[in-house]
Amino acid sequence: MRIFFQTLLEKRFLRLFLIGAVSGALSVFAFAPFYFWPAAAASIVGFSWLITQSQSHKEASWFGFSVGLGYFGAGISWIFVSVVNYGQVGLILSLLITFAFIALLAAFHALAGYVCSRVFTLIPKLSKALIISLGLLSTEYLRSHIFTGFPWLLAGYGMEKSPLFELSPIGGIWLLTFACLLSFSLPVFLFKKTKSQCLKESISIIMVISLWVSGTTLTLNNVQWVTPKDTIKTTLVQGNLKQEEKWLTEQAAKSLTYYQEMTLENLDSDLVVWPETAITYLYHQVVNHLKPFDETLRNSDTTLITGVPYYNQEKDRYHNSIWAMGEGFGLYFKQRLVPFGEYIPFADYVGKLLDLFGMPMSMFSAGEPNQPVLQAREWGVATFICYEIVYPELVRSLAKDSDFLITVSNDGWFGHSIGPIQHLQIAQFRAKETGRYVVRSTNTGISAIIDYQGAITAQAPQFVRTTLTAPVITTVGTTPYVQYGNLVVITLIFLMILLQGIPLLIKPSHT
């Protein structure tokens, strides 16, 4: 065995491929639950260095793939938990499906490697750190949008404990991701300390220093982008129903009774929130049954917001939805569905073959865009169902008309893995970006209240049937990100490219 590994490491390509995979895997420590933000450098430095070692564009693509394989293999291996436990496909096929998904995501790193290598050749005088940053940023953006997208483990999420986190209200997660990519790719290209090399990277150096100084200054001065207003007493009910029992017919009434009883014990709260599909009956099956309960809520001036499946009889469509009742009103239909979990891509062609979860949630339809926010008494509430909270542009569009945000989820699919913890961290970024409290109610945890600075103020333990009561504070005003979106990061990139063009017009000097 030792001879085998020694022989393996003597092979240049395999040795570099392994270095890429390890460097990618190490970056998982930058994200929750580890929060060691310098670890984000591992995958970026590894990717940047390997591109410089590539002897062809094809090899650069393979090295990019290796980094992505380690990055996503370590970072989202929790997908396996849901597939093996609820996919009904067996252990071996579950492993193959998980690997296929990881490889698909790693392919975006492969594309970035190919593109960066090509641009290195086409424009040799352009800052290589900028090329790496834009190459990875572009493919990450593509990954976040194609086939509804999977914007998970964006590099910027690893910056929560760093000074760059304070840039979130200015440019959102994409500014943080660009700052992270530029910061950690730059050192790779500064080892060759020639005059021409320093000139090529000078704009990138200035930008990196400016971003970190800005983040540090904002941190030290505790800059506030929004103003606190009303305080809302809020109770989250965490039912902790086992995933394999959640959709059983005999559990529906018992579960609904528990949620009602816990709510009746907390009628002194202004707002009560139940998790995603806390009600497993269809909306039209339960709405009349809950009228007396709804009246009780109104009499106590309490708003209840809950997840419930909805069936549109006219269009023959099912929706994963959120319903406001009591002293509130409105229905929200989930817009961003989970592929293979809530809908089957190309279902007309593959039918039940790709219905991995085999649950009554796999035939949902997406809700229309531009839905109005829900009302909880006099407050506007932007609501998001599970996976939707990972889409910064979607959250931004609804946050404009809201006083605070609610996300309901069911992370029971992923057991004791790090997936639910990463999900909570992403919700913290949405709070920081928008300057709005985020109320996160989940079935098995982690239910939490997140303030407008992105800090968790109250949290319930996982896998415990419990309630969590804590204040939620509404805010007025908007952050620059809510007002301008990605305009800030686009402007910075355009400015860097423009300034990079000036040295390209200057006759190169000999070094």
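Heads up: numbering here begins at 1 and tracks the sequence.
For His319 and Phe364, the distance between ring centers is not under 6.0 angstrom. Between Phe63 and Phe13, the gap from one ring centroid to the other is short of 6.0 Å. In summary, the aromatic rings of Tyr35 and Phe31 are positioned with their centroids too far apart to meet the 6.0 Å limit. The distance between the ring centers of Phe429 and Phe165 falls below 6.0 angstrom.
For the pairing with Trp152, the ring pair (Phe, Tyr, Trp, His ring centres under 6.0 Å) check across Phe108, Tyr157, Trp78 returns one residue only, Trp78.
In this structure, a donor-acceptor pair under 3.5 Å is present between the side chains of Arg436 and Thr475. Side-chain polar atoms of Ser43 and Ser27 form a donor-acceptor pair below 3.5 angstrom. With hydrogens and angles left out, the side-chain atoms of Gln453 and Gln224 include a donor and acceptor closer than 3.5 Å. Side-chain polar atoms of Ser54 and Ser117 form no donor-acceptor pair below 3.5 angstrom. A donor and an acceptor atom, one from each side chain of Thr442 and Ser447, are located under 3.5 Å apart.
Put simply, OG1 on Thr177 and CG on Leu182 are 12.5 Å apart, with the number rounded to the nearest 0.5 Å. Rounding to the nearest 0.5 Å places OH of Tyr141 at 7.0 Å from CH2 of Trp174.
Legend: residues meeting ring-ring contact (aromatic ring centres under 6.0 Å, His included) with Trp49, ordered by chain and number and at least two apart, are absent. Ser183 is linked by a side chain to side chain donor-acceptor pair (under 3.5 Å) to Trp212, counting only residues two or more places apart in sequence or in another chain.
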